[in-house]
Amino acid sequence: MNYPSVFNLTWLIPLPTALAFFAIILFANPKKRLSSNIAVGAVILAWIMSWAVAIVFFLNPELTEHPFDLSVPWLPMGTITFHMGVAVDAVTAGMLFMVGFVLTMIFIYSTGYMSFPGHLDPEKYPDAAKEGLDPRYSRFFAYISLFATGMLGLVVANNLLMLFIFWEIMGLCSYLLIGFWFDKSYPDPKQITPKQAGLKAFLTTRVGDVLFMMGLIFLFIHAGDLNFQAIFGNQEFLHELSTSTVNLPFFGAVTWAGLISMLIFWGAIGKSAQFPLHVWLPDAMEGPTPVSALIHAATMVSAGVYLIVRMSPLFSAAAHGGSGVMMFVAFIGAFTALFAATIAVAQKDIKKVLAYSTISQLGYMFAALGIGAWVAAIIHLLIHAFFKSLLFMASGSVIHGVEHGHHHVHEHGEHGHEGYFDPQDMFNMGGLLKRMPVTGWTFIIGGASLSAFPLITAGFWSKDEILAHAWADGHMAVYWTLAAGAFLTAFYTFRQIFLTFFGSPRTEAAEHAPESVRAMTWPLVALAFFALFGGFVAVPEDFPVVGGIASDFMAKLMELQGEFYGLHVAPAEFNWTPALISMTLALSGIVVAWLVYGWKPLAAGKPDPLRRWLGPIYVVLENKYYFDEFYHLVAVRPTLWLASFFYLFDRGVIDRIVNWVGAFGRWLAAALRKWIDEFIIDAAVNGAGLVTTWTGAVVRLIQTGQAQNYLLILLLSVVVLLLLIPLK
Amino acid sequence: MTVPLSWYLIFATALFSLGFFAVLSRRNAVAVLMGVELMLNAVNVNLVAFWRYLTPSDLSGQIFVVFVFTVAAAEAAVGLALMISIYRTRKTINVDEINDLKL
Amino acid sequence: MDLRALGESLVAMLENVGIPHGWVLLINWILGAVILLGVALLLAIFLIWFERKIAGRVQDRLGPNRVGPYGLIQPFADALKLLTKEDITPDKADRITYNLAPIIAVFHIIMLFAVIPFADKVVGANINVGILYLMAFGALGAMAMLMAGWASRNKYALLGGFRVVAQLLSYEIPVGLAMLTVVLMRGSMNLNAIAQGQGGLFGLGWYVWILPAVFIMYFVAALAEGERAPFDLLEAESEIVAGYNIEYSAMKFAWFYLAFFLNTWVLSAVAVTLFFGGWQGPFAAQIPALGVVYFFIKVFIMFFVFAWVRATFPRLRIDQMMSFCWKVLVPMGLALFLAVAIILKLGLPSAVTYALLFVVNIVILVVTLKLLGNYTRDLPKNKNKRLFAPELPRL
Amino acid sequence: MVGQILFIIIAAFTLLMGLGTVVARNLFHAALFLVGVFFGIAALFILLEAEFLAMAQIIIYIGAIATLIVFAIMLSKGMMGREAGAYNKQWYFAGGAMIFFFGLLSWLLVKMPFAATNASVPDDAIQQIGSGFVGHYVVPFEVASVLLLVALVGAIMLARERN
């Protein structure tokens, strides 16, 4: 198979950003603008290369039959040599297309966003305040460059070990970036600070990652290799894995395939913030908004979905072997989709709504994977990344604007501190569409796409595909759960839009909010393009009217790739019933949102009307079903209690034993010193010293200190050695 | 290939011996350095001769000669710099007057 | 008429006489060497006249015009004069080295003639490391001048010798980079193969169209390698009187003079071979003798440009010259080399590759000139900076 | 036959130059003799059909190393130390040892059997060397380049005037 030579660039894709990371931390750190220029330049290079690879792949669908794979030996381990390398198949190409572009947009956006933050005291950082940039501006770009390396590396990796390494790099970056403003604190002690949020995210995902690594180890024991094509190209091996069983305590006999895929799925649950490990993602919104867009919407959280997509042959083998793991995936996905959507309804923080919406949308993807709708999951993954990063970045722009408005009022208006002002609270906004037209309209486009506004948005096509599959394959429970989720999605999205952009400003800050700088608005426009038209790569062929004129090349490509991996994904037959139901639900969600928030805009200081209507349910939703409190009770408290118990045990029992042993040893040593040390050892040491002195006095005569003299002796020794050859 | 391999080897041995003699007995450090260069060249001749006569199809011999070139270049640069530095502090580069190895 | 036939018939003739093959080859080689030597010496005589004539015209004079028609015999008269002059060797000079230096100076240039392809197959030694050979024997020139400078026992000569090392070794790097880029382009170090690779109608395949920036880099560096103005710091009479050859007189001086002109001619010949298609021209493939004609025409045009530059530009300061090499030419050369290597590795169709190479060359050239311009311009931030001021890092 | 004569001429020339390098009292002359040795070795390389190495030998040894040595000698007149003898106290002993060493090694080499082949050099030898550097020997090649860089920086640091 001859590959287009541009594929040789693949292994270079993660490199520019990695170099940028080192260049920034080692050299460019003191120069803020230089750092951001390095990072943006690197990511643009990566973008160009990834698009080159992706587009060449799209133009040659026959490559799905021969995914590109390039390996070099890496770790020799006994008889097995571990290879590292890169691979390109349709999934990789799609991901490269999305990741490269979104990363670039977010990097550019960040150059505008990371201005001097409101929570810092300008007098403490005079230089940074004068420049108007965050004091840790360079560090931010170093981190996101490293993050970009992790994401691009994860996408192009051709084996699970490399994938895991990049996965963990992203985990580290996520921790560093969520806690980026680690010195920020709030007047309310119960509100989570960035430092705590970072720690929480890191520890929560760790639970999933440990299980994921166990899955990897089991897989490696069985396969002896972690290369994707080596594992998935080997049908016999997969079959064997799905038939051989292992006895587990509590669970009884399960197949190896089922166990491994379950463990790996837990990794994805942690990374993609699915129930029950979803708690970290909303709090991760404490990080800067580009980070939320980058990590917690477009790329990192979708890595979990990507992982399951990659491992699909294993999952389907497990399902064939009678394991319920696919059902579990579908259940977790569908449940999370609805569950997170309900929480999103009652949030007042503009980013938290989006965070829960992300969890919910990832749930859709997992549900799709669980019912075997492989193609629909990937397409929704790609399109979701575009519109969700758009939404996050637009919300960041809004926050920026409101914060600026606040400062404006603060400086020019009355000088008294009127208490803590939360620029992220939607109830402090309103009427922003007039003040920030670009942000507003792009946000509305993204929101429409998220709510699956029929026909003209990308989100409609991808989400509809999932629902159509659920209906066509007879997964009614999944279908109705997701459909209910779709209604809620439309509702909370437009609740957000009406609260933020329509009506009249509810605070002075909102009244004076300026439009953001161009570095921030242009990426929004670029992403809005994809949020609107990105869906036309996967319009079902038999969809009335539109199907005839739009394209579905991406879906076709993914189907071909699925065939190659032995996954038979037939496109769902078009059926009016589910399509009409989902369209109606989406539109009615929008209408309900308009009736509640748009018809009569909320006045300043008024509470959310939902609170009156839903009563206690609203309180439960507002508190996220008390999950944090529950975990605190179940996991954190017992751990702390155990720790203090062990501390006391350590002090009372173990330390005492150790001290006794020590005292005995000292007594013994004193006794021995008196008898053995003085008469035997000291005498021997002194004797050795005397002998050394005497020998040295003789031997020093041949030390002349002249290198040539020593060399001569060396030569003579060589001559003697040579003489030994003929004498032998 | 009318020249026997042993001629090259004897030639290289002679050159090596000359170089080694310079290293052993010249007083001036620059002359010692030149002796080292002679030795390295003798080694190169051996490498190339063995390559040509024993394994002409495998070019590792030539590649090693190139590595010797690099090392020789580095050696000359650092060696001369050392001599200049030593001359600056001790006003001599006569090797037998530099006997700091002896305490 | 086929020039190759001449050599073959000679070999056949000698073998018919009954001389063993090995000796015939030896005789053939020696004969070829003698012919090349003759060509080189005659050429030098003509070149001196040519350059003096051009310099005269540029400076609004007539140039040599007394001896012979158009002054053509003038160089012979000069040579005669130099031969009859007194041959002085300074008292304290190192005699052997002093006398060896001019010999090596001419010898290394004549050695270079061996690999220049005058026409297809009309080459002294058609070796496959031709470019390396050029660089290797080119480097010997520095040695000759160093010897001359040291052996004269004159401080100006010694200073000239130092300048030789600094200048020639530094400028060998851009010259080498330019040659390497061409080698990369052609995939061969054989000079004849490089000339053959530049076919195409009306010289469209010449590398100068594909790699214009590389050619410009080569040309500038070749000016310095040939010790020609504006880089003739080695014999800057206003600074070090006459540089390394200050003590030389009579015929020994003439040797240096000869080497200087032949060096320029060889540099032009290499430029023509690498960038202007060598002997390529209409019908050169059918009639090899035409190749020689084309080659000489091109080389003389190139030589004319060299002479033109020499007669026109003033001399640079030594620190400017060194910084120009290390801060402008070397980075530019590295960038070009890298860019060409990457583009060739992409495996695009050849037309696209050539277009891309051209564009990249122009871009690198423009960027270099732009940076250069920014340094030269009288900007406020450049107030306290001299152009190419030698700033050593404080460690 | 011609090859043998050529070899003898070149080898004799090279050894003579080598002797000159070792015995010349004037360091500048020794350096010039050294250039002669390098030249002779390059000629031997050509005789051994290693043209690439011959050219590299001239470029690196004559163009760079010898020039560097000559330059260093010219720069530091006081370093030459003419007043004292050229050899140290152990020179006669070293000379004897060297002659013995040479005789012994030559005898061993002549005695030792080497399986010389008559195979010819591959046509694409230079290409093979090139691809060897970026293929099988890429790590040593990179290490060598780093070594050169380190030597460059080190030499500058060492030779710099300190004040």
Side-chain angles (χ1 to χ4, degrees), chain B residues 1-3 5-11 13-15 17-22 24-28 30-31 33-35 37-38 41 44-45 48-49 51-54 56-57 59-60 62-63 65-67 69-74 76-78 80-85 87 92-96, chain D residues 1 3-4 7 11 15 18-19 21-22 27 30 34 37 41 44-45 48-50 53 56 60 64-65 68-69 72-73 76 79 81 84 86-88 90-91 94-95 98 101-102 105-106 109-110 114-117 119-122 125 128-129 132 137 140 144 147-148 151-152 154-155 158-159:
Chain B
M1 295 233 289
T2 52
V3 185
L5 172 60
S6 54
W7 289 21
Y8 282 103
L9 301 184
I10 290 170
F11 165 77
T13 315
L15 198 62
S17 305
L18 277 174
F20 208 169
F21 176 69
L24 285 181
S25 46
R26 288 299 294 251
R27 292 183 69 221
N28 192 299
V30 178
L33 190 79
M34 290 192 229
E37 296 296 343
L38 285 185
N41 268 286
N44 282 351
V45 170
V48 178
W51 158 75
R52 180 67 191 90
Y53 282 85
L54 303 185
S57 54
L59 287 147
S60 303
Q62 291 210 31
I63 287 174
V65 173
V66 176
F67 287 133
F69 285 172
T70 21
V71 173
V78 177
L80 287 170
L82 270 175
M83 274 161 221
I84 289 172
S85 172
Y87 183 75
T92 178
I93 52 165
N94 281 348
V95 183
D96 54 357
Chain D
M1 194 41 206
Q4 287 189 352
F7 174 83
L15 285 179
L19 198 65
T21 314
V22 175
L27 269 185
L34 192 66
V37 173
I41 301 240
L44 280 185
F45 283 167
L48 283 165
E49 298 176 57
L53 285 187
I60 294 167
I65 296 179
L68 186 66
I69 291 175
I73 293 170
S76 46
M79 267 162 70
Y87 297 103
N88 59 13
Q90 61 178 23
W91 76 267
M98 277 329 302
F101 173 77
F102 169 66
L105 205 57
S106 312
L109 285 171
V110 172
F114 290 111
T117 63
S120 56
V121 181
Q128 279 191 39
I129 295 174
Y137 291 98
L147 172 78
L148 277 180
L152 184 76
L158 281 172

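Order of the sequence lines fixes the chain letters, A, B, ..., with proteins taken first and strands second; residue numbering starts at 1 for each chain. Every heavy atom of this structure was used, including side-chain atoms; hydrogens, water molecules and symmetry mates were not.
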When the 4.5 angstrom heavy-atom criterion is applied to D/Leu34 and chain B, the contacting part is side chain

Under 4.5 Å to a heavy atom of chain B? For D/Val37 that would be side chain

So, for D/Leu48 and B/Tyr53, which heavy atoms are closest and what is the spacing to 0.1 Å?
-> CD2-CE1, 3.7 Å

For residues D/Thr21 and B/Arg26, report the shortest heavy-atom separation together with the two atoms involved.
-> O-NH1, 3.5 Å

Distance in Å, B/Phe69 CZ paired with D/Ile65 CD1, rounded so as to fall on 0.5 Å steps = 8.5 Å

Mind listing the closest non-hydrogen atom pair of D/Ala155 and B/Ala77 along with its distance?
-> CB-O, 3.8 Å

What are the two closest non-hydrogen atoms of B/Pro56 and D/Thr117, and how far apart are they?
-> CD-OG1, 3.7 Å

Spatial distance of atom CZ (B/Arg52) from atom CG (D/Leu44) [nearest 0.5 Å] | 14.0 Å

Contact part of D/Phe102 toward chain B, heavy-atom cut-off under 4.5 Å: side chain, backbone, both or neither?
-> both

Using non-hydrogen atoms only, which part of D/Ala64 is less than 4.5 Å away from chain B: side chain, backbone, both, or neither?
-> neither

Scored by heavy-atom pairs under 4.5 Å with chain D, the best of B/Leu33, B/Val66, B/Leu5 is B/Val66

Please indicate whether B/Trp7 has more than 12 foreign heavy atoms, meaning atoms of other residues, nucleotides or ligands, lying under 6.0 Å from its CH2.
-> yes

Interchain contact, D/Leu19 with chain B, by part (heavy-atom threshold 4.5 Å) = both

Largest heavy-atom contact set with chain B, pairs under 4.5 Å, which of D/Val121, D/Leu109, D/Ile60 = D/Val121

Of all the heavy-atom pairs spanning B/Ser60 and D/Tyr137, show the shortest one and how long it is.
-> OG-OH, 2.8 Å

How long is the gap from CD on B/Glu37 to CD1 on D/Ile69, to the nearest 0.5 Å?
-> 5.0 Å

Indicate the atoms forming the closest heavy-atom contact of B/Ala81 with D/Leu158, along with that distance.
-> CB-CB, 3.8 Å

Can you tell which part of B/Phe67 gets under 4.5 Å to a heavy atom of chain D, answering side chain, backbone, both or neither?
-> side chain

Could you grab the distance from atom CG of D/Leu68 to atom CG of B/Leu80, nearest 0.5 Å is fine?
-> 5.0 Å

Between B/Val78, B/Val65, B/Leu18, the one whose heavy-atom pairs under 4.5 Å with chain D are most numerous | B/Leu18

Which of the residues D/Leu105, D/Leu53, D/Ile41 is involved in the greatest number of heavy-atom pairs with chain B at under 4.5 angstrom?
-> D/Leu53

